[in-house]
Amino acid sequence: MALVVQKFGGSSLSDTERIRAVADHVARTRRQGHEVVVVVSAMGKTTDELIRLAGEVSKVVPGRELDMLLTTGERISMALLCMALAELGVPAASFTGSQAGIVTDAVHTKAKIVEVRGDRVRGALAEGKVPVVAGFQGVSLGREITTLGRGGSDTTAVAVAAALGAGVCEIYTDVSGVFSADPRLVPDARRLARISFEEMLEVAASGGRVLMHRSVEFGRRYHVPIHVRSSFTWEPGTWVVEEEEAMEEALVTAVTHDTSEVKLTVSGVPDRPGIAARLFRGLAERAVNVDMIVQNTSSHGLTDISFTVPADDLAVALGVSQAVAPGIGATGVTADAEVAKVSVIGAGMRSSPGVTATMFEALAAASINIEMISTSPIRISCVLRRADVERAVALLHDAFELGTDAPARRAGAS
Ligand code: ASP
Ligand code: MG
């Protein structure tokens, strides 16, 4: 009898009919002989709606009060799910993040979990109940209610699974797994049977929206296998596992894209030590997360520095760059929102040198210009025109033969 943590996202709990379907599934899992702990998100678009309400009453939304407000969304789901389980004769008990002992730091709206105590969850299990834990929330050491950032229920689920020593953390969502590319852009994208934690971290950081990055980090650190699957078909989905278990290492596993970033260019800066440091210290002080950076070779001692930031941070990043520019002798700052990033990811490229060339050749053959490049040992990313992104994803997916029509590269791929 294994312990299973099952997390249900907002789309899996969008109305009472869906909540009853989830209760059925939990009951079924119990009948199969498993112990189940459930983690829930807020119903449907509840969190967006609550944020909208906050904005209607105030332009200055205090983080503490926003957290108080947003945590109510998950409370609704957990209570309703427990009632639906009661209707099926399954004993269940709901717990807020605080009651479940999800201890976080004190950073409102983006708190980090520091410890999962879980005594009451263990107690409920011992009494033969299904504990239903509110995702996305916790309590700080100063006893303030906190939230973990948008999509944070995934992180709650994996952290709870780690603390309880669960055999698997199942993440139920409205897609049936992790695909070799976004199926909306690439019709023959393949659902991956397995992907390694390292690859999944790269997918999450480069535009793949299936799992929150931090939840994958938790899974890797505490060795919790994550099974991403559909709450609409209930079919087996994608397992995120240790690299050794991810089977044969494909050269490239997935192609991802990201249209959420913009490019800034600071031009005509003197090519000498300390200039980049001043610019990026300024951005760091305003908590702007810089992704890619390119500094051109200098001509006549002057150079351009281009970098990408989340579109949400554009105004702040532009302000900082314009403020820093005169002091570092730059001649101008420009912003470009019409960019997108395409990445190819695969653990196999660590030992195979040709992947970069194949990627660049495929883009060149389609006359797609590469504006910026960055790499990790298992990822190559290119910034290009946003208008080219759909074409780029499709042709790279073809170039690396990732489609369902291509010969199976990965044992067990479905
Ligand atoms: N309800 C929260 C959100 O919409 C947390 C989650 O869904 O994981 O961001
Ligand atoms: Mg959600």
Side-chain angles (χ1 to χ4, degrees), residues 5-16 18-19 22 37-55 61 63-82 94-100 102 104-105 107-113 116 131-140 145-162 169-175 177-178 200 203-205 207-219 224 226-232 237 240 260 310 312:
V5 172
Q6 298 187 325
K7 180 259 170 177
F8 297 93
S11 57
S12 306
L13 301 163
S14 55
D15 55 31
T16 49
R18 301 286 314 144
I19 289 175
V22 165
V37 174
V38 178
V39 174
V40 290
S41 290
M43 292 173 69
K45 300 253 169 272
T46 303
T47 308
D48 293 329
E49 175 63 12
L50 293 171
I51 290 171
R52 191 185 64 74
L53 287 178
V61 176
R64 179 183 188 277
E65 305 311 327
L66 186 60
D67 281 350
M68 233 17 146
L69 178 69
L70 296 190
T71 48
T72 62
E74 274 70 15
R75 273 177 97 130
I76 296 172
S77 311
M78 71 181 194
L80 289 175
L81 180 59
C82 284
S94 63
F95 297 99
T96 63
S98 165
Q99 287 176 314
I102 314 283
T104 72
D105 64 21
V107 185
H108 283 296
T109 76
K110 35 178 173 299
K112 288 204 169 75
I113 297 177
V116 176
V132 178
V133 178
F136 172 59
Q137 55 179 270
V139 63
S140 71
I145 299 298
T146 54
T147 62
L148 307 177
R150 297 306 305 272
S153 299
D154 289 350
T155 306
T156 305
V158 181
V160 165
C169 181
E170 297 182 332
I171 305 274
Y172 288 89
T173 176
D174 54 2
V175 295
V178 181
M200 194 62 213
V203 168
R209 305 216 174 283
V210 187
L211 283 180
M212 199 206 198
H213 192 269
R214 214 182 297 152
S215 69
V216 186
E217 279 174 346
F218 253 100
V224 181
I226 301 173
H227 185 185
V228 182
R229 51 190 302 192
S230 163
S231 67
F232 291 80
V240 188
S260 71
D312 291 344

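Keep in mind that what you see is a predicted model, and the values were worked out from it rather than measured. The residues of the chain are indexed from 1 along the displayed sequence. Both counts, for ligands and for their atoms, begin at 1 and track the order of listing.
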Minimal non-hydrogen separation, Asp154 against Val210, with atom names: OD2-O, 4.0 Å
Derivation of the side-chain contact (heavy atoms from CB on, under 4.5 Å) call for Leu66 and His108: CA-CA 8 Å; Leu66 186 60; His108 283 296; over 6 Å; no
Close approach of Glu74 to ligand 1, heavy atoms, under 4.0 angstrom: yes
Side-chain heavy atoms of Val158 within contact of Arg214, under 4.5 Å: no
Ligand 1 contacted by Gly9 (non-hydrogen, < 4.0 Å): no
4.0 Å heavy-atom contact, Gly135 with ligand 1: no
Side chain, backbone, both or neither: the part of Ser153 lying under 4.0 Å from ligand 1 by heavy atom: both
Derivation and outcome, side-chain hydrogen bond (donor to acceptor under 3.5 Å, both in side chains), residues Thr146 and Asp67: CA-CA 5 Å; Thr146 54; Asp67 281 350; 5.5 Å; no
Spacing of Glu49 atom CD and Leu69 atom CG [to the nearest 0.5 Å]: 10.0 Å
Geometric N/O contact Asp154 with ligand 1, under 3.5 angstrom: no
Ligand 1 to Gly149 polar contact by distance, N or O atoms, under 3.5 Å: no
Numbered atoms and elements of ligand 1 in range of Arg150, under 4.0 angstrom, heavy atoms: 3 (C), 4 (O), 9 (O)
Of the listed options Gly44, Ser41, Ala134, closest to atom 7 (O) of ligand 1 (non-hydrogen atoms): Ser41
Polar side-chain atom of Ser260 near backbone of Pro310 as donor-acceptor pair, under 3.5 Å: no
Element-labelled atoms of ligand 1 that are located less than 4.0 Å from some non-hydrogen atom of Gly151: 3 (C), 5 (C), 6 (C), 8 (O), 9 (O)
Shortest non-hydrogen contact from Leu148 toward Met212: O-CE, 3.7 Å
